[in-house]
Every structure is written in structure tokens, then in C-alpha cells.
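Below: the structure, in C-alpha cells.
This one's a predicted model, so the numbers in the text were calculated from it and none came from an experiment. Each chain gets a letter, A, B and so on, in the order its sequence line appears, and its residues count up from 1.
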Number of protein chains: 2
Amino acid sequence: MKNTIITISRQYGSAGRAIGHQVAEKLGLECYDSQIITKIAEESGFDAEYVRQNSETTSESGFFASLTGMDLYTFSNRDTIWVLQTKIITELAEKGPCVIVGRNADYILKDREDTLHVYIHADMDYRADRIVRLYGESEKSPMARLQEKDKRRHVNYQHYTGRVWGTAQNYDICLNGGTIGV
Amino acid sequence: MKNTIITISRQYGSAGRAIGHQVAEKLGLECYDSQIITKIAEESGFDAEYVRQNSETTSESGFFASLTGMDLYTFSNRDTIWVLQTKIITELAEKGPCVIVGRNADYILKDREDTLHVYIHADMDYRADRIVRLYGESEKSPMARLQEKDKRRHVNYQHYTGRVWGTAQNYDICLNGGTIGV
């Protein structure tokens, strides 16, 4: 099997994005990251920041939907984003060898034989330190920011893929960014 | 951080044991595998085969215990095996650099800084083919054998560690033995 397409899934602050870009550079491959957001924005008409915010959550109508069952019959903006994300990532993979960071590409491309699926995680302390250094302080504590991001990605992944985020079985290689390093 | 102790956790048939032995050989380290079973047998007085059978399950009294709550007050042979396993693996790690295959060593040594925890998994088809080649046919189908082993290890690991078996976060490196190869 030739692995010509590498997907990098990563925990927030785990250095997964940096690793993805370095791998792409070393292998001379295109690295798709925020370009996917831009493409979804172009094709949907949504603002790029709106896409970014909403591509890692599911519908907020959970409680209402659970009372009414309406979620079965409605197609949310987030569902539109998911459909476009699936289409765009599938098309990028068709174009040729590349590295794709995030956006559940591991699941979207799970049936392609020529992929190598990588997951990067790290301990909370390492990630907390990293997000403050890279993205600065905010009103929320680093731990609260990590917990919120983890929860959003976990719920979004499970909602759209039916899988549990961070299960080793879904990837060819999983690495602890904190102990292995960039 | 210096990683002088490598633990290899693995799915049945994933080539994890073979990888562990090769890593140890390349690095010139002692590799502990079935010796741990032998040591538990020596210290407990149980037969080695009994230890092997019972070191990957929890109490069979589940249903009875759930009715009576007796599990809270009894200490089973399996609990004895777990306690000895913990003691022996801790002592082996104290002796110096080594590779330890299986036996939940990732959890037992989780608080040591000088460890590298590795998890090897593989697809069902790869593992089914491998166990038939290595261990021969049996009355049960290869798939049934894999499912039984997976379930036993999963339940045993969760019972004694409180963790979910195969969660990437518990390891420094996870590899798909089927796509990465021995």
C-alpha cells in the first residue's frame, strides 16, 4: 500500500498542526489546513469565521430537538458545513498526494487505501502552556479553553462519524506531541 | 526525559509481541513477556497456565456479585494475580532499561517519567490471518477468537485501571501493526 495522503487529527494545543506542516514540507507535499475553511466559506456563502466556529460543533438545538424530535427533520447550517467539508476533502484527496490537517479527514477518507491516518495528542499541562505561548491569554483559563475545545471536537466527531474521538484503532499512528516533540 | 523503559500493549494478533522483541533486540534491552507469567506463578503458587488464563479476565462472579454486592468484600485469585503483576512489573522497571510486553504495564508504570508507552493494534482481517498462521486453526473461527480476546482484555483493563483500553491518550505512540508492519 502506498500512503500518499496523510491526515493529521489533533487535540487543540498538541502541536499537531505544526507537525502536519513540517511533515508536508519535508515530503514536499501540499498541506491543507485553513484553506479548507476558506473553500467551505466560498461554496456556502457563510463567513469564514462563522464556518470556523461552527465546523467543530453540532446543533445547539439539542434540548429542544430532544423534546420535539425536530432534529430528524431539519438540516442545520452545521450540516451544510459538514456536507461541503466532506465534498472538499474528497476532492483535495483526488487531486493527489497531500497532508490534510483536522476537519475529520481521517473519517472522510477512511475508505481510501492510499492514506496514512495520524492522531496527535498531548497532556493537559503541555497543551495549556502551548496555547498561552501561541495564542496568548484570554478571559478563560487555559484549562477551561482546552476542556471546551476537547468537548466540542469530541461531540462533533461522534455526531457526524459515530466514532469515539481519540480511539487508537481509527488511526495508523498516534503520537503524544508532548513526549515525542515537534 | 529519557525513555529507558518501553511498555508494549497490544491487541491479540496485532504483531505487538514480535515488535516488542525486535525493539528490545535492536536496543540491546531485556524483553519481559511470558517471564512475568512465570514469576507470578512462582510467587503465588498458581499454575502458570492458570495465571495466563486468569490474568486477562476479571471475576466470573459478576452476575452473582451484582445481586449480592459480595464482590466488594471478596478478594479473588484474579485480584491476587493483579497485585503480584503490579509488584513484579514495578520491580522489573526498577532493575533498569527494558521492554515489557502486555500485562497492563502501561498503567502500572504510568507515574514513572522514564517510560515510553506504546500500543499496537491492527484490523480484524490482518489479525485473523496472523493468528491462524502463528497459532493454527481451532474449533472457533478466527473472528470469534479475536472478539473473545478483545473483550477479555478490554474488561480486565477497565476493571483494574478504570481506563478504556485502546484510548490514544494513554500512550506515547500507537501504531497499526497491519499498515506499519513488523
Item checked: Selection residues 25-37 of chain A - residue pairs positive for salt bridge (Lys or Arg N to Asp or Glu O under 4.0 Å), sequence neighbours left out -> A/Arg17-A/Asp33
Next item on the list: For chain A, find which of B/Thr167, B/Val118, B/Ile173 contributes the most heavy-atom pairs closer than 4.5 angstrom.
Entry: B/Ile173
Note to self: Given 3.5 Å as the limit, does a donor-acceptor pair link the side chain of A/Gln169 with the main chain of B/Gly166, or not?
What the structure shows: no
Next item on the list: State whether the side chain of B/His121 and the backbone N or O of A/Tyr171 hold a donor-acceptor pair below 3.5 Å, judged by distance alone.
Entry: yes
Check: In terms of hydrophobic clustering (I, L, V, M, F, W, Y; side-chain heavy atoms under 4.5 Å; direct or indirect links), are B/Tyr126 and B/Val132 co-clustered?
Finding: no
Check: CG of A/Asp172 to SG of B/Cys174: how many Å apart, nearest 0.5 Å?
Finding: 11.5 Å
Check: Can you tell me if NZ on A/Lys151 sees more than 12 non-hydrogen neighbours from other groups inside 6.0 Å?
Finding: no
Note to self: Is there a path of hydrophobic side-chain contacts, each under 4.5 Å between heavy atoms of I/L/V/M/F/W/Y residues, joining B/Tyr107 to B/Val164?
What the structure shows: no
